[in-house]
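One structure is given below, encoded as structure tokens.
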Amino acid sequence: MSEFEPNIIGFFCNWCSYEAADAAGRAQKSYPANLKAVRLMCSGRIDPQFVLEAFKDGADGVLVLGCHPGDCHYKDGNNKALSRFKLLREVLISFGIEPQRFKLSWVSAAEADKFTAVVNEMVDSLKRLGPLHV
């Protein structure tokens, strides 16, 4: 029997987190290929419908990455992302989706190592949980 490989959808801020992913690739940092990246201009633009659709369409986990608080190119976009994240996490829990399947983290453009660590940590966590059955 093959080992479970989770399907992860990542929503990344264009200015920081997407650049960190790109920097990790340029530096040939190793992280699993389980992640499908979606670039948003700002993590504050994450629409709850995006997350719900990702889970509906088969994602085992959803990762939202944005600029560190105080460093948002749009001033308070990451604060909006955090507010939405907290509310949406409660909705997902009420649907029976474990909170570990939906993660928000702050990763700047200069943090390629942190980017790979966050992705690796999420993959490991989802492997322990197994496939999403909703």
Side-chain angles (χ1 to χ4, degrees):
M1 184 170 139
S2 65
E3 185 177 328
F4 165 65
E5 289 296 333
N7 179 24
I8 302 170
I9 303 299
F11 295 101
F12 302 160
C13 156
N14 177 65
W15 304 104
C16 287
S17 305
Y18 195 85
E19 178 55 33
D22 201 32
R26 284 191 310 271
Q28 299 180 342
K29 304 249 179 233
S30 177
Y31 62 92
N34 304 55
L35 178 69
K36 281 108 180 141
V38 177
R39 184 190 318 198
L40 302 174
M41 288 310 291
C42 177
S43 61
R45 298 286 301 173
I46 187 72
D47 186 317
Q49 191 65 31
F50 297 167
V51 175
L52 295 172
E53 286 290 322
F55 281 118
K56 180 181 146 276
D57 291 343
D60 296 299
V62 174
L63 178 62
V64 178
L65 300 180
C67 301
H68 287 275
D71 288 339
C72 179
H73 285 69
Y74 300 101
K75 298 192 184 194
D76 65 347
N78 46 15
N79 293 327
K80 289 178 184 176
L82 179 59
S83 295
R84 288 182 183 139
F85 171 79
K86 288 177 180 178
L87 290 171
L88 188 51
R89 179 174 251 184
E90 294 304 315
V91 170
L92 294 172
I93 290 170
S94 74
F95 291 160
I97 297 174
E98 298 96 334
Q100 302 91 326
R101 294 186 184 276
F102 182 46
K103 181 173 178 150
L104 170 69
S105 190
W106 312 123
V107 180
S108 78
E111 294 180 310
D113 287 331
K114 181 175 181 182
F115 172 82
T116 58
V118 168
V119 172
N120 285 321
E121 176 185 306
M122 183 145 194
V123 169
D124 291 344
S125 175
L126 292 174
K127 282 184 176 183
R128 286 190 297 278
L129 287 173
L132 176 62
H133 301 288
V134 178

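Count residues from 1 along the sequence. Here the structure is a predicted model, which is why all the values come from computation and not from measurement.
Not counting sequence neighbours, Ala117 has no partner by the side chain to side chain contact (heavy atoms under 4.5 Å, CB included) test. The ring pair (Phe, Tyr, Trp, His ring centres under 6.0 Å) search around His73 returns Trp15, not counting sequence neighbours. For Lys29, the salt bridge (charged side-chain N to carboxylate O under 4.0 Å, His left out) test picks out Asp113, with sequence neighbours left out. Residues satisfying the salt bridge (charged side-chain N to carboxylate O under 4.0 Å, His left out) criterion with Asp22, sequence neighbours excluded, are Arg26. Take Gln49 and apply the side chain to side chain contact (heavy atoms under 4.5 Å, CB included) test, not counting sequence neighbours, and it matches Asp47, Leu52, Glu53. Partners of Lys36 by salt bridge (charged side-chain N to carboxylate O under 4.0 Å, His left out), not counting sequence neighbours: none found. For Phe55, the ring pair (Phe, Tyr, Trp, His ring centres under 6.0 Å) test picks out no residue, with sequence neighbours left out.
Under the salt bridge (charged side-chain N to carboxylate O under 4.0 Å, His left out) criterion, no residue pair touches residues 83-92, with sequence neighbours excluded. Legend: salt bridge (charged side-chain N to carboxylate O under 4.0 Å, His left out) pairs involving residues 123-134, not counting sequence neighbours, sorted by first then second residue: Glu3-Lys127, Glu5-Lys127. Sorted by first and then second residue, the pairs that involve residues 27-47 and meet ring-ring contact (aromatic ring centres under 6.0 Å, His included), not counting sequence neighbours, are Tyr31-Phe115. Pairs passing the salt bridge (charged side-chain N to carboxylate O under 4.0 Å, His left out) check and including a residue from residues 100-111, sequence neighbours excluded, read Glu98-Arg101, Lys103-Glu121.
Leu132 and Met122 fall into different hydrophobic clusters, where Ile, Leu, Val, Met, Phe, Trp and Tyr residues are linked whenever their side-chain heavy atoms come under 4.5 Å apart, directly or through other members. Tracing side-chain contacts under 4.5 Å through hydrophobic residues (I, L, V, M, F, W, Y), one never reaches Phe85 starting from Tyr18; they form parts of separate clusters. Put simply, Val38 and Phe50 are part of the same group of oily side chains (I, L, V, M, F, W, Y) that touch within less than 4.5 Å, one to the next. Leu35 and Val64 are assigned to two separate hydrophobic clusters, defined by single-linkage of ILVMFWY side chains at heavy-atom distances under 4.5 Å. Leu129 is not connected to Leu92 by any chain of hydrophobic side-chain contacts under 4.5 Å among Ile, Leu, Val, Met, Phe, Trp and Tyr, and they are in different clusters.
Closest non-hydrogen pair, Ser30 versus Thr116, comes out as O-CB, 4.2 Å. Residues Ala37 and Phe12 share a closest heavy-atom pair of CB-CE1, 3.6 Å. Across Asn78 and Gly70, no two heavy atoms sit closer than the pair ND2-N, 4.1 Å. Annotation for Ala109 and Ala23: closest pair O-CB, 4.3 Å, computed over non-hydrogen atoms.
Not a single donor-acceptor pair under 3.5 Å links the side chain of Asn14 to the backbone N or O of Arg39. Formation of a donor-acceptor pair under 3.5 Å by the Asp60 side chain with backbone atoms of Asn7 is found in this model. A distance-only check finds a donor-acceptor pair linking the side chain of Asn34 to the backbone of Pro6 [under 3.5 Å]. The main-chain N or O of Cys13 is never found under 3.5 Å from a side-chain atom of Ser43 such that the two would form a donor-acceptor pair.
To the nearest 0.5 Å, atom CG of residue Leu65 and atom CG of residue Leu40 are 10.5 Å apart. The structure places OG of Ser125 at 12.5 Å from CG of Asn120, a figure rounded to the nearest 0.5 Å. A distance of 13.0 Å separates CG in Leu104 from CZ in Phe11, rounded to the nearest 0.5 Å. A distance of 8.5 Å separates NZ in Lys80 from SG in Cys72, rounded to the nearest 0.5 Å. Here Cys67 contributes atom SG and Trp106 contributes atom CH2; the two are 9.0 Å apart, rounded to the nearest 0.5 Å.
Listed by chain and number, the hydrophobic cluster partners of Leu87 come to none, as no ILVMFWY side chain reaches under 4.5 Å of it.
Of the listed residues (Leu88, Leu63, Val91), just one forms a side-chain contact (heavy atoms from CB on, under 4.5 Å) with Phe102, and that residue is Leu88.
Residues Gln100 and Leu126 form no side-chain contact, since every pair of their non-hydrogen atoms from C-beta on lies 4.5 Å or further apart.
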